[in-house]
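Side chains are part of it too, since the values below use all heavy atoms of this structure and drop only hydrogens, waters and symmetry mates. Treat the numbers as computed from the prediction; the structure is a model and nothing was measured.
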Amino acid sequence: QEQLVESGGGLVQAGDSLRLSCAASRRNVREYGLAWFRQAPGKERDVVVVQTTGFTTYYADFVKGRFTISRDSAKNTVYLQMNSLKPEDTAVYYCAATLKYYSDIMDYTRVGAYNYWGRGTQVTVSS
């Protein structure tokens with residue numbers, strides 16, 4: 001069973017940056033479709049960014065130009081670089097991985113597309 005472990009969350013001020021990390025324990029991250037989701041209190045889990053094994057990437061509109069996903073196969077880790085953070089970015093951020101293949105990248109934006117999930121890391125942005 002794959003395990004994903006997120007780290008890097010914390011309390012920052014508006015305009016600051018954070019880099020989240022997600023380490024995989026079994027398969028190499030290059031074998032997975034990968035995603036970051038986030039969930040604010042009382043809200044649904046929303047997709048932030050997805051990336052296929054072919055590096056096709058989709059960003060949610062609310063993070064375009066501010067967040068960047070990357071993966072390091074040597075470290076077996078996927079990252080989410082978050083710049084220009086806003087208070088509305090406050091949420092628990094989850095890493096997800098899937099071995100399923102979809103021809104349409106939008107299918108990767110669904111929570112149900114993912115086999116494996118991390119436990120989440122809290123990001124809090126103060127104004």
Side-chain angles (χ1 to χ4, degrees):
Q1 181 79 359
E2 179 63 84
Q3 287 189 335
L4 302 175
V5 180
E6 301 100 334
S7 61
L11 172 62
V12 297
Q13 293 187 331
D16 285 351
S17 298
L18 276 177
R19 189 178 76 159
L20 306 184
S21 300
C22 172
S25 63
R26 296 199 65 185
R27 291 179 179 267
N28 195 283
V29 292
R30 64 174 173 264
E31 299 182 50
Y32 290 116
L34 297 166
W36 289 93
F37 286 76
R38 71 185 189 186
Q39 188 165 19
K43 295 190 176 181
E44 294 186 349
R45 191 169 296 190
D46 291 329
V47 67
V48 174
V49 57
V50 305
Q51 188 177 73
T52 69
T53 54
F55 293 91
T56 301
T57 305
Y58 166 87
Y59 289 95
D61 286 344
F62 53 78
V63 301
K64 280 183 181 176
R66 300 190 298 126
F67 291 11
T68 304
I69 188 172
S70 61
R71 63 177 85 186
D72 185 333
S73 295
K75 295 182 178 180
N76 216 23
T77 299
V78 59
Y79 301 99
L80 182 65
Q81 178 66 44
M82 305 187 295
N83 298 329
S84 303
L85 282 161
K86 304 175 182 179
E88 51 263 45
D89 294 320
T90 295
V92 178
Y93 283 72
Y94 297 91
C95 172
T98 185
L99 294 172
K100 302 172 190 176
Y101 171 77
Y102 301 99
S103 58
D104 185 343
I105 192 169
M106 295 308 293
D107 287 327
Y108 287 94
T109 66
R110 298 180 294 108
V111 168
Y114 294 87
N115 304 100
Y116 307 109
W117 291 84
R119 293 188 176 184
T121 185
Q122 176 71 46
V123 172
T124 303
V125 185
S126 63
S127 57

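Each of Val49, Val63, Val47, Val50 was evaluated against Trp36; a single residue qualifies, Val49, per the side chain to side chain contact (heavy atoms under 4.5 Å, CB included) test.
Closest approach of Thr53 to Arg30, counting heavy atoms only: CG2-O, 3.6 Å. The two residues Asp89 and Ser84 have their closest heavy-atom pair at OD2-O, 4.4 Å. Annotation for Ala91 and Ala40: closest pair CB-N, 3.9 Å, computed over non-hydrogen atoms. Of all heavy-atom pairs between Leu85 and Met82, the closest is CD2-CB, 3.9 Å.
Asn76 contributes a side-chain N or O that, together with a main-chain N or O of Val29, makes up a donor-acceptor pair within less than 3.5 Å. Although no hydrogens or angles enter the test, the distance criterion places a donor-acceptor pair under 3.5 Å between the side chain of Arg71 and the main chain of Gln51. Glu6 contributes no side-chain N or O that, together with a main-chain N or O of Thr121, makes up a donor-acceptor pair within less than 3.5 Å. Proximity of a side-chain donor or acceptor of Thr98 to a complementary backbone N or O of Ala113 within less than 3.5 Å is detected. Judged by distance alone, the side chain of Thr90 and the main-chain N or O of Val125 form a donor-acceptor pair under 3.5 Å.
The aromatic rings of Tyr114 and Phe37 lie perpendicular to each other, with more than 60° between the two planes, well past the 30° mark.
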Passes side-chain hydrogen bond (donor to acceptor under 3.5 Å, both in side chains), Ser25 versus Glu2? Steps please. CA-CA 6 Å; Ser25 63; Glu2 179 63 84; 3.0 Å; yes
Could you check Tyr116 against Arg26 for side chain to side chain contact (heavy atoms under 4.5 Å, CB included), going step by step and ending with a plain yes or no? CA-CA 11 Å; Tyr116 307 109; Arg26 296 199 65 185; over 6 Å; no
For Glu44 and Val111, run side chain to side chain contact (heavy atoms under 4.5 Å, CB included): C-alpha distance rounded to whole Å, both residues' side-chain angles, the deciding distance at 0.1 Å, then the answer. CA-CA 10 Å; Glu44 294 186 349; Val111 168; over 6 Å; no
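Residue Tyr108 holds its OH atom at 7.5 Å from OH of Tyr102, rounded to the nearest 0.5 Å.
Looking at heavy atoms from C-beta onward, Tyr101 lies out of side-chain contact with Thr52 at the 4.5 angstrom threshold. Residues Tyr79 and Thr68 have side chains not in contact (no heavy-atom distance under 4.5 Å, counting atoms from C-beta outward).
The environment of CZ in Arg119 is sparse: at most 12 heavy-atom neighbours from other residues, nucleotides or ligands sit within 6.0 Å. Other residues, nucleotides and ligands contribute over 12 non-hydrogen atoms within 6.0 Å of the CD atom of Glu88. Around the NZ atom of Lys100, the shell of radius 6.0 Å holds more than 12 heavy atoms that belong to other residues, nucleotides or ligands.
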Tell me which donor-acceptor pairs under 3.5 Å the side chains of residues 15-22 have, and how far apart each pair is, sequence neighbours excluded?
residue, atom, partner, partner atom, Å
Asp16, OD2, Gln13, N, 3.1
Ser17, OG, Asn83, OD1, 2.9

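Linking ILVMFWY residues whenever their side-chain heavy atoms come closer than 4.5 Å, directly or via other members, places Leu80 and Phe62 in the same cluster. Phe55 and Leu34 are members of different hydrophobic clusters when ILVMFWY side chains are connected at heavy-atom separations under 4.5 Å.
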